[in-house]
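The block underneath contains the structure these notes are about, expressed in structure tokens.
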There are 2 protein chains.
Amino acid sequence: MVSIHQRIVEDIETRIMGGIWLPGHRIPFEHELVEEYQCSRMTVNKALSALAQRGMITRRRKVGSFVASRQIDRTVMDIQDISTEAELAGHHHSHKILRRKVETLDAATAAQLGETTGADILRLHCLHTVDGKPNALERRIIMLAMVPSARTESFASVPPGKWLLDMVPWSKARHVIRAVSADAATARLLETERGKACLTLIRQTWQMSRTVTHVEIIHPGDRFQFAGDFHPTERGVPNQRSKRGSF
Amino acid sequence: MVSIHQRIVEDIETRIMGGIWLPGHRIPFEHELVEEYQCSRMTVNKALSALAQRGMITRRRKVGSFVASRQIDRTVMDIQDISTEAELAGHHHSHKILRRKVETLDAATAAQLGETTGADILRLHCLHTVDGKPNALERRIIMLAMVPSARTESFASVPPGKWLLDMVPWSKARHVIRAVSADAATARLLETERGKACLTLIRQTWQMSRTVTHVEIIHPGDRFQFAGDFHPTERGVPNQRSKRGSF
DNA sequence: GATCCGCTTTTGTCTATACAAATAGATACG
DNA sequence: CGTATCTATTTGTATAGACAAAAGCGGATC
């Protein structure tokens, strides 16, 4: 019991993925597909529009529809809150607040965040432990103007990442992943050697172009990785099989 | 000049993003939106279907449509072929093949790839240079059964990543990012110190559940990072503003 | 109380038609 | 020859109507 819509989409996808229709190949015109599938143009149009929305094909009036060029260059990474991640993988997670201080934003940090200096912020340092082993060091800044209730929250029971996700609407997130060598203080906290390769995830979250929070999470390189699957049929759409950072 | 379709989508998105409609909130029924926008049900249906396809809302017959729970946990990373990446960023890229050898797949590597032992492979080592500085070390395995033409290709002018992208259809790609310390050989080639934190990208590409290629690309940590933006309105859909790994 | 049946509501899919917008290619004109 | 205009084709959007499928709900029956 598959719909015509679905059949058209799958037929075209199969031909693109199987290499029968290469990038640039012209897909039959709507009226040709109408003839082939014996259905109305609306149905064909919906099918092709859906493929276009997913980036499988590009469409131009008067010209036609064409197989889009392959892009291996995009992958969807699952980048979760650490505690959620650990729970999903069946590990035991706990956290400890190392530092919690209300400050005003200094010039250097303000520039880094793209915000103006002098704003009230909450600075948090937090150590995450998974199955008894230190797994990540979190250094976070929360803009108190955007999240006033953070001023009175201790974060003792709920980790800051999870708490913020539940509390604050956001409209944009940016992730950066880089490799850094652990400095002495970091190495000590994470119980690893100084100079050890660490995977650092930086995430900045905005709501309507104003920063909500900025966080830097440092993982020892031997205890963490990011992974993501990508299927060209699902261009850019997150798929269920993609794995989270694993241990 | 915006279509009704578009107006409905944007109105709903705005309310979800602004926190007016929280996750779980019931969106007006189709017939209510028909009344509100004075349009046909097909138009409303198409708008809501598109939102559902993007994961903004979930829909259930007889029950209604609801705001989906927020997911900050997914981000779209642009992970490109190195030479393409460098060109796009306006840098000069060159590469040198360090090793090129046809072998048979040994048991250990076969297990790592999830393939059976004994298959013919081409093993390539390649050094990438950007603006005169060593930028990445590439260690690649190509399954010759899947790409017979690789047997006679020297890869002297076109780097292997680009060549493969243009030659071979693929149906699945998996990316893993991890941090490692450079060993002596790697450090020498990349002109950095031994033990230096490096960002490693592993990519395995399949066609119809058979491996096409497996590649490990090692970047010095101080010369590379991955970055990606994510907008909840575009759930999982790659967006134009997201940046490539930068230097 | 438990189970089954049918009613009703809501979404899913499809049709046939219509007009609008973009644009490649042909044609007319200076 | 270059340029403006027209025309035919293709996609984009919208309508009104129809029936199907899923599922909550209440009532009848055992």
Side-chain angles (χ1 to χ4, degrees), chain A residues 1-16 21-69 233-235 237 240, chain B residues 1-16 21-69 233-235 237 240:
Chain A
M1 253 308 63
V2 288
S3 59
I4 302 178
H5 174 98
Q6 209 177 322
R7 242 176 58 219
I8 298 174
V9 167
E10 284 170 9
D11 284 0
I12 293 174
E13 267 179 4
T14 305
R15 275 175 278 206
I16 294 176
W21 287 352
L22 295 175
H25 182 273
R26 214 207 74 224
I27 283 156
F29 295 129
E30 294 190 351
H31 66 82
E32 293 175 305
L33 292 171
V34 164
E35 191 60 31
E36 183 180 342
Y37 288 92
Q38 289 292 308
C39 65
S40 75
R41 187 169 82 86
M42 266 304 290
T43 306
V44 170
N45 183 281
K46 257 189 83 174
L48 294 185
S49 300
L51 283 168
Q53 210 202 318
R54 276 196 280 155
M56 288 284 286
I57 65 176
T58 56
R59 317 192 71 202
R60 277 176 62 209
R61 280 167 168 155
K62 164 80 186 176
V63 184
S65 306
F66 301 86
V67 178
S69 57
T233 44
E234 309 162 3
R235 307 236 162 174
V237 178
Q240 265 41 18
Chain B
M1 259 304 78
V2 289
S3 60
I4 303 179
H5 174 99
Q6 210 178 322
R7 242 176 59 218
I8 298 175
V9 167
E10 283 169 9
D11 284 1
I12 293 174
E13 269 179 4
T14 306
R15 274 175 278 206
I16 293 176
W21 286 351
L22 295 174
H25 182 273
R26 214 206 74 227
I27 282 155
F29 295 127
E30 294 190 352
H31 67 82
E32 294 175 307
L33 293 172
V34 164
E35 191 59 30
E36 184 179 342
Y37 288 92
Q38 290 292 308
C39 64
S40 74
R41 187 170 82 85
M42 264 304 289
T43 307
V44 170
N45 182 283
K46 261 188 79 175
L48 294 185
S49 300
L51 283 168
Q53 210 203 319
R54 277 197 277 156
M56 288 285 286
I57 66 175
T58 56
R59 317 191 72 203
R60 279 176 58 209
R61 281 167 165 152
K62 165 77 186 178
V63 184
S65 306
F66 301 85
V67 178
S69 56
T233 44
E234 308 161 6
R235 307 235 161 175
V237 178
Q240 265 43 15

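Note: hydrogens, waters and symmetry copies are ignored here, and every other heavy atom, side chains too, is used. Here is the naming used below: chain letters follow the sequence lines, and residue numbers restart at 1 for every chain.
The line from CD1 of B/Ile57 to CZ of B/Arg59 is 5.5 Å long, rounded to the nearest 0.5 Å.
Inter-residue side-chain proximity for B/Leu22 and B/Val67 is flagged as unmet; no heavy-atom pair is nearer than 4.5 Å. Counting heavy atoms from C-beta outward, A/Arg54 and A/Glu13 have side chains that approach closer than 4.5 Å.
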Which side-chain N or O atoms in residues 45-52 of chain B pair as donor and acceptor under 3.5 Å with protein atoms at least two apart or in another chain?
from	atom 1	to	atom 2	distance (Å)
B/Asn45	OD1	B/Ser49	OG	3.2
B/Asn45	ND2	B/Glu30	OE2	3.0
B/Ser49	OG	B/Asn45	O	2.7

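The interatomic distance linking A/Phe66 (CZ) with C/dA24 (P) rounds to 10 Å, in whole Å.
A donor-acceptor pair is defined here as one N or O able to donate and one able to accept, closer than 3.5 Å; such a pair exists between the side chain of A/Glu32 and the backbone of A/Phe29. Put simply, the side chain of A/Thr43 never gets that close to the backbone of A/Cys39: no donor and acceptor are under 3.5 Å apart.
Among all heavy-atom pairs drawn from B/Met56 and B/Ile16, the shortest one is CE-CD1, 4.0 Å.
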Between the protein and nucleotides 3-6 of chain C, list the N/O to N/O atom pairs that are separated by less than 3.5 angstrom.
none

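Applying the 6.0 Å contact sphere to CD of A/Glu35 captures no more than 12 heavy atoms from other residues, nucleotides or ligands.
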### Query
In B/S/- notation, 5' to 3', how is nucleotides 11-18 of chain C contacted by protein heavy atoms closer than 4.0 Å?
BBBBBBBB
